[in-house]
Amino acid sequence: MERIAPQEEPEMSFLDHLEELRWHLIRAVLSVVIAATVAFLLKSFIFDVVLFGPSKGDFWSYSMLCKVSEALGIDGGFCFQELPFTIQSRTMGGQFSAHIWTSITAGFIIAFPYIIYEFWKFVAPAMHEKERKHAKGFIFVTSMLFFIGVLFGYYVITPLSINFLGKYQVSDIVLNEFDLSDYIGLVRTTVIASGLIFELPILIYFLTKVGIVTPQFLKTYRKYALVIVLILSAVITPPDIVSQIIVAVPVLILYEVSIIISKFMYKKEEEKLKS
């Protein structure tokens with residue numbers, strides 16, 4: 001009895017790829033909408049507990065930073081009961097708009113693993129069988145790095161920024177009364193940006209795989225990366241050394257990890273070419 005060889009799937013045309021991409025995007029957007037709807041219904045928790053948490057003096061990060069400052073004998077200005085500012089909405093639809101956009105942001109964060117899953121499903125057909133087997137690991141690591149970055153942005157960078165900007169005054173005559181959209185924009189931008197920055201090792205992995213980045217390149221420009229990270233940490237944190245170090249160190253560690261990943265991938269790609 002003859003064994004029938006499995007037929008190869010016909011190669012997809014450019015339009016077929018676009019159609020496939022469209023459905024992946026639709027499912028990804030739908031997952032964000034569903035998660036955003038849940039966040040919209042949990043208004044009290046999202047706003048009172050999560051979003052406005054860093055604006056309160058008893059926020060966990062301030063308590064920890066206060067203890068660290070006292071232990072190091074440094075007056076970091078983190079020991080206080082209340083931040084001297086108020087949050088207000090000065091437009092008719094300001095609060096409703098803030099509710100909508102905050103829910104969408106929360107939906108994106110919650111649905112991020114599924115978004116990555118849809119991305120992987122789209123690019124998987126172009127990969128080798130061995131690479132496809134690492135799908136679960138890729139989704140897990142990518143999601144984990146993103147969530148760690150989000151937590152770092154929320155519990156570290158956001159409190160440092162709010163503490164500094166909330167207390168800063170050019171004169172006692174000027175009161176700090178921040179608009180709701182500005183406050184939410186600061187928290188949202190900081191959290192999302194931190195989550196994406198923590199994806200640096202994943203980005204370096206793919207850039208090395210396609211030959212755009214090499215370990216030598218990353219090592220050569222390490223000193224420039226150090227300067228850029230220090231400048232960024234100085235911009236987004238209060239003007240004191242402790243705060244800048246707290247922000248800069250994790251990013252520098254990510255850069256060093258990226259070099260190790262790049263070295264591993266570069267060696268692997270060279271072995272493929274030799275074989």
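A quick note: this is a predicted structure, and the numbers were derived from the prediction, not measured.
- Follow the hydrophobic side-chain contacts under 4.5 Å out from Ile26 and you never reach Phe119; the two are in separate clusters.
- Remark: Tyr117 OH to Arg27 CZ distance equals 8.0 Å, nearest 0.5 Å.
- A 4.5 Å side-chain heavy-atom check between Ile261 and Phe264 finds every atom pair outside the cut-off.
- Following chains of ILVMFWY side-chain contacts shorter than 4.5 Å, one can reach Tyr62 starting from Leu151, so the two form part of one hydrophobic cluster.
- Nearest heavy-atom pair, Ser262 versus Thr208, reported as atom, atom and distance to 0.1 Å: OG-OG1, 3.0 Å.
- Counting heavy atoms from C-beta on, the side chains of Ile162 and Val187 come closer than 4.5 Å.
- Remark: aromatic rings of Phe178 and Phe85 are close, center separation under 6.0 Å.
- Here CD1 of Ile100 is found 4.0 Å from CZ of Phe96. Values are rounded to the nearest 0.5 Å.
- Using a 4.5 Å cut-off on side-chain heavy atoms (C-beta onward), Leu226 and Leu252 make contact.
- Within the 4.5 Å cutoff, no side-chain heavy atoms of Asn176 are placed close to those of Pro84.
- Within a 6.0 Å radius of CD in Glu256, other residues, nucleotides and ligands contribute more than 12 heavy atoms.
- Although no hydrogens or angles enter the test, the distance criterion places a donor-acceptor pair under 3.5 Å between the side chain of Ser61 and the main chain of Tyr155.
- Separation of atoms CD1 (Ile204) and OH (Tyr255) is listed at 7.0 Å; rounding is to 0.5 Å.
- The CD1 atom of Ile184 lies 8.0 Å from the CD1 atom of Ile87; values are rounded to the nearest 0.5 Å.
- Thr142 approaches Glu199 most closely through the heavy-atom pair O-OE2, 2.7 Å.
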Anything under 3.5 Å between a donor and an acceptor, one on a side chain of residues 41-59, the other on a protein residue two or more places apart or in another chain? List them.
unit_1: Ser55; atom_1: OG; unit_2: Phe52; atom_2: O; d: 2.6
unit_1: Lys56; atom_1: NZ; unit_2: Asp48; atom_2: O; d: 3.0

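- Ring-plane geometry between Phe138 and Phe206 is classed as perpendicular, the angle between the planes exceeding 60 degrees on a 0 to 90 degree scale with a lower cut at 30.
- Note that the OG atom of Ser258 and the CG atom of Leu218 stand 7.0 Å from one another [nearest 0.5 Å].
- Both Leu200 and Tyr221 belong to a single network of hydrophobic side chains, linked directly or stepwise wherever heavy atoms of I, L, V, M, F, W or Y lie under 4.5 Å apart.
- Proximity of Val141 to Leu145: side-chain heavy atoms (C-beta onward) are separated by under 4.5 Å at one or more points.
- Put simply, the side chain of Trp60 does not reach to within 4.5 Å of the side chain of Pro159, judged on heavy atoms.
- Here the closest heavy-atom approach between residue Leu180 and residue Gly94 is recorded as CD2-O, 4.2 Å.
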Could you list the donor-acceptor pairs under 3.5 angstrom formed between side-chain atoms of residues 102-115 and any protein atom two or more places apart in sequence or on another chain?
unit_1: Thr102; atom_1: OG1; unit_2: Ala98; atom_2: O; d: 2.6
unit_1: Ser103; atom_1: OG; unit_2: His99; atom_2: O; d: 2.7
unit_1: Thr105; atom_1: OG1; unit_2: Trp101; atom_2: O; d: 2.9
unit_1: Tyr114; atom_1: OH; unit_2: Glu118; atom_2: OE2; d: 2.6

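- When side chains are defined from C-beta on, Asn163 counts as touching Lys167, because their heavy atoms get closer than 4.5 Å.
- Here the CD-CZ distance, from Glu177 to Arg90, works out to 8.5 Å after rounding to the nearest 0.5 Å.
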